[in-house]
A.B. asks: 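A single structure is presented below for examination.
Counting starts at 1 for both ligands and their atoms, following the listed order. Model, not experiment: these values are computed from the prediction.
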Amino acid sequence: MISFEDAKQKILEGIVPIKETEEIKVISSLNHILASDIIASFDIPPHNNSAMDGYALRYEDISQTEEVRLKVIGELPAGKSFDRKIKTGEALRIMTGAPMPKGADTVVIQEVTLSDGDWVSIPPLAAKFGANVRLQGEDIKKGELILQRGTRIRPQEMGMLASMGYGMVNVYRQLKVAIISTGDELISIGEKRAPGKIYDSNRYCLTGLLTSLGVEIIDLGIVKDARDLIEAKFKEASERTDVVITSGGVSVGKYDLVREVVDSLGKVEFWQVKIKPGKPLSFGKIGNCYFFGLPGNPVSVIVSFIKFVRCGLLKMAGCKEYDKSTLFKARANFQMSRKQMRLEWLRGILSYGEDGWVVTTTGPQGSGILRSMISANCLIQILPEQMEVVKGDEVWVEPLEWG
Ligand code: AMP
Ligand code: MG
């Protein structure tokens with residue numbers, strides 16, 4: 001048996017990021033990986049502008065002690081500009097986002113003023129110098145590096161690219177990932193249930209997990225536990241895709257043929273990893289295609305995807321921060337004890353209350369019990385040397401985020 005860290009390190013060391021890039025539309029760039037640095041070609045905001053609806057004026061015109069009346073020389077909505085300079089004794093009615101007129105340095109919010117025809121009353125101490133003005137370039141300065149190559153594009157990066165005027169963006173090409181389920185007992189949705197058969201749910205979990213990674217998914221269906229069929233399917237998959245992910249057939253049973261087949265077609269490592277769930281795992285290559293053989297049990301599929309496959313795919317896709325996870329401590333509102341020392345992930349429900357972060361388990365935790373994931377919003381990480389958890393203990397939790 002090898003440790004979790006060793007298995008993960010071997011996977012990450014074995015994976016070489018792709019080099020090919022493509023230009024795609026920013027509007028459909030979610031979850032793609034930037035292939036070039038993005039440098040700002042102009043300031044944002046492009047001009048000083050008002051942060052509030054109110055009156056643009058000269059700070060020196062506000063009195064420290066008494067109310068003053070200023071002449072309102074016009075009105076400026078967002079999207080327009082005002083050419084005249086604001087002189088002493090004058091104010092311009094201004095809306096949020098409208099550019100500051102020349103001469104004015106401060107905006108007094110509308111709520112504290114009293115308007116009277118062409119005049120406005122400004123109370124004493126109505127604003128500090130420069131109040132309610134957003135400065136040119138305060139978000140971004142021309143020439144600044146705003147997004148780095150290797151960044152995974154999220155909604156905020158899409159918006160940033162758009163505000164820089166980009167309609168197209170240079171990204172690493174999308175990975176092609178094949179998914180295959182193995183097992184004589186599996187039937188596809190639409191097929192009639194029969195004794196001994198179960199519906200194949202792993203391809204659905206994997207499709208969900210892969211969709212949020214932004215890869216192209218090639219669903220190659222189910223393959224029976226027969227050597228020649230598995231061989232043909234794996235060969236086809238490896239010729240068409242960058243990565244093949246299979247589930248089932250990696251244990252030590254008589255019909256667990258996955259490892260044997262991959263070994264004959266390419267090179268595979270098979271590990272018993274000291275973790276629960278997800279103990280058997282294989283990783284290797286068939287030609288230029290990477291291969292992940294995940295266990296068959298649905299919970300094991302999800303956990304080993306999160307722990308091993310996700311970071312591997314992100315690294316291959318060109319992402320810089322491919323191995324990031326958010327772990328924090330919470331108080332256990334459950335107890336457990338066990339005999340074996342290994343890293344274990346329970347499915348948990350994390351909530352925040354008077355006592356801070358508290359976590360409880362989702363009920364039966366067998367790796368075949370997919371239901372244990374349904375109410376879960378986190379994984380509870382039990383360290384190898386932690387033989388028991390009692391209520392009130394601190395445990396590490398990791399929110400389940402599929403992105
Ligand atoms: P295996 O590793 O092939 O022995 O599979 C372990 C367990 O997971 C068995 O109970 C299988 O029936 C189940 N299993 C394997 N593949 C799937 C699948 N695609 N969907 C649901 N359950 C599966
Ligand atoms: Mg099987």
Side-chain angles (χ1 to χ4, degrees), residues 1-2 4 7 177-211 217-234 236-237 241 243-265 268-284 291-310 342 344-347 362-374 376 402:
M1 283 227 230
I2 70 169
F4 166 67
V177 180
I179 51 176
I180 300 169
S181 292
T182 73
D184 282 345
E185 74 279 31
L186 302 177
I187 51 173
S188 286
I189 308 304
E191 286 183 70
K192 214 165 168 296
R193 291 197 315 128
K197 303 289 182 187
I198 58 169
Y199 283 120
D200 168 12
S201 61
N202 288 345
R203 273 183 301 136
Y204 288 78
C205 289
L206 284 170
T207 297
L209 289 158
L210 288 166
T211 300
I217 302 162
I218 319 274
D219 185 345
L220 293 179
I222 297 169
V223 60
K224 294 243 182 282
D225 293 317
R227 206 177 189 289
D228 53 338
L229 296 178
I230 297 179
E231 194 170 304
K233 187 70 106 181
F234 284 12
E236 178 206 344
T241 62
V243 180
V244 176
I245 303 174
T246 68
S247 65
V250 288
S251 318
V252 287
K254 191 173 163 201
Y255 297 98
D256 293 325
L257 301 161
V258 167
R259 173 194 177 193
E260 206 181 301
V261 170
V262 184
D263 225 1
S264 73
L265 291 172
V268 70
E269 305 223 39
F270 171 76
W271 306 307
Q272 298 277 340
V273 189
K274 250 180 277 172
I275 56 172
K276 187 181 174 187
K279 183 170 79 170
L281 176 76
S282 63
F283 171 68
F291 177 88
F292 288 94
L294 307 184
N297 278 311
V299 177
S300 308
V301 167
I302 296 177
V303 172
S304 36
F305 184 96
I306 295 172
K307 293 292 159 192
F308 297 111
V309 184
R310 190 176 183 279
R342 53 181 169 174
E344 180 166 355
W345 292 284
L346 305 171
R347 276 68 70 201
T362 56
Q365 295 286 310
S367 60
I369 300 181
L370 186 53
R371 192 167 178 181
S372 71
M373 297 245 27
I374 296 301
W402 304 116

A.B. asks: Which residue owns the protein heavy atom closest to atom 7 (C) of ligand 1, what's the atom, and how far is it?
C.D. replies: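 Minimum-distance protein heavy atom for atom 7 (C) of ligand 1 reads Asn297 OD1, 3.3 Å.
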A.B. asks: Which protein heavy atom lies closest to atom 20 (N) of ligand 1, and at what distance to 0.1 Å?
C.D. replies: Ser201 N, 3.1 Å
A.B. asks: Of all the heavy-atom pairs spanning Pro298 and Leu370, show the shortest one and how long it is.
C.D. replies: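 In this case the closest contact between Pro298 and Leu370 is CB-CD1, 3.9 Å.
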A.B. asks: How close do Glu185 and Gly196 get, counting heavy atoms only, and between which atoms?
C.D. replies: CB-O, 3.6 Å
A.B. asks: Considering the heavy atoms of Ser181, write down every atom of ligand 1 situated less than 4.0 Å from one of them.
C.D. replies: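 The atoms of ligand 1 under 4.0 Å from a heavy atom of Ser181 are 19 (N).
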A.B. asks: Using a 4.0 Å heavy-atom cut-off, say whether Leu186 meets ligand 1 through its side chain, its backbone, both or neither.
C.D. replies: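 The part of Leu186 near ligand 1 is the side chain, not the backbone.
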A.B. asks: Which protein non-hydrogen atom lies closest to atom 22 (N) of ligand 1, naming both residue and atom, and how far is it?
C.D. replies: Ile198 CD1, 3.6 Å
A.B. asks: Within the structure, does Gly296 bring an N/O atom to less than 3.5 angstrom of an N/O atom in ligand 1?
C.D. replies: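 Such a contact does occur with ligand 1.
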A.B. asks: Can you list the atoms of ligand 1 that are under 4.0 Å from a heavy atom of Ser251?
C.D. replies: 2 (O), 4 (O)
A.B. asks: State, yes or no, whether a side-chain contact exists between Ser251 and Lys279 at a heavy-atom distance under 4.5 Å.
C.D. replies: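 No, every pair of side-chain atoms sits at 4.5 Å or beyond.
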A.B. asks: Answer yes if the ring centres of Phe308 and Trp271 are under 6.0 angstrom apart, and no otherwise.
C.D. replies: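 Centroid distance Phe308-Trp271: not below 6.0 Å, so no.
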A.B. asks: Please list the nearest protein heavy atom to atom 19 (N) of ligand 1 with its residue and the distance rounded to 0.1 Å.
C.D. replies: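 Result: Asp200 OD1, 2.7 Å.
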A.B. asks: Determine whether any heavy atom of Gly368 lies closer than 4.0 Å to an atom of ligand 1.
C.D. replies: no
A.B. asks: Checking side chain to side chain contact (heavy atoms under 4.5 Å, CB included) against Glu260, which of Val258, Val262, Leu257, Asp256 comes through?
C.D. replies: Leu257
A.B. asks: If you take all heavy atoms of Lys274 and Arg342, which pair is closest and at what distance?
C.D. replies: O-CB, 3.4 Å
A.B. asks: Which of the atoms in ligand 1, numbered in the order shown and given with their element, are less than 4.0 Å from a heavy-atom of Glu185?
C.D. replies: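 So the answer, numbered in order with elements, is 11 (C), 12 (O), 15 (C).
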A.B. asks: Pick, from Val252, Asn202, Val258, the option with the minimum heavy-atom distance to atom 18 (C) of ligand 1.
C.D. replies: Asn202
A.B. asks: Check for me whether the distance between the ring centres of Phe234 and Phe291 falls short of 6.0 Å.
C.D. replies: yes
A.B. asks: Taking all non-hydrogen atoms of both residues, which atom of Val261 and which atom of Ser264 are closest, and how far apart?
C.D. replies: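 Looks like O-OG, 2.7 Å.
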A.B. asks: Could you tell me which atoms of ligand 1, counted from 1 in the order shown, lie closer than 4.0 angstrom to a heavy atom of Gly249?
C.D. replies: 1 (P), 2 (O), 3 (O)
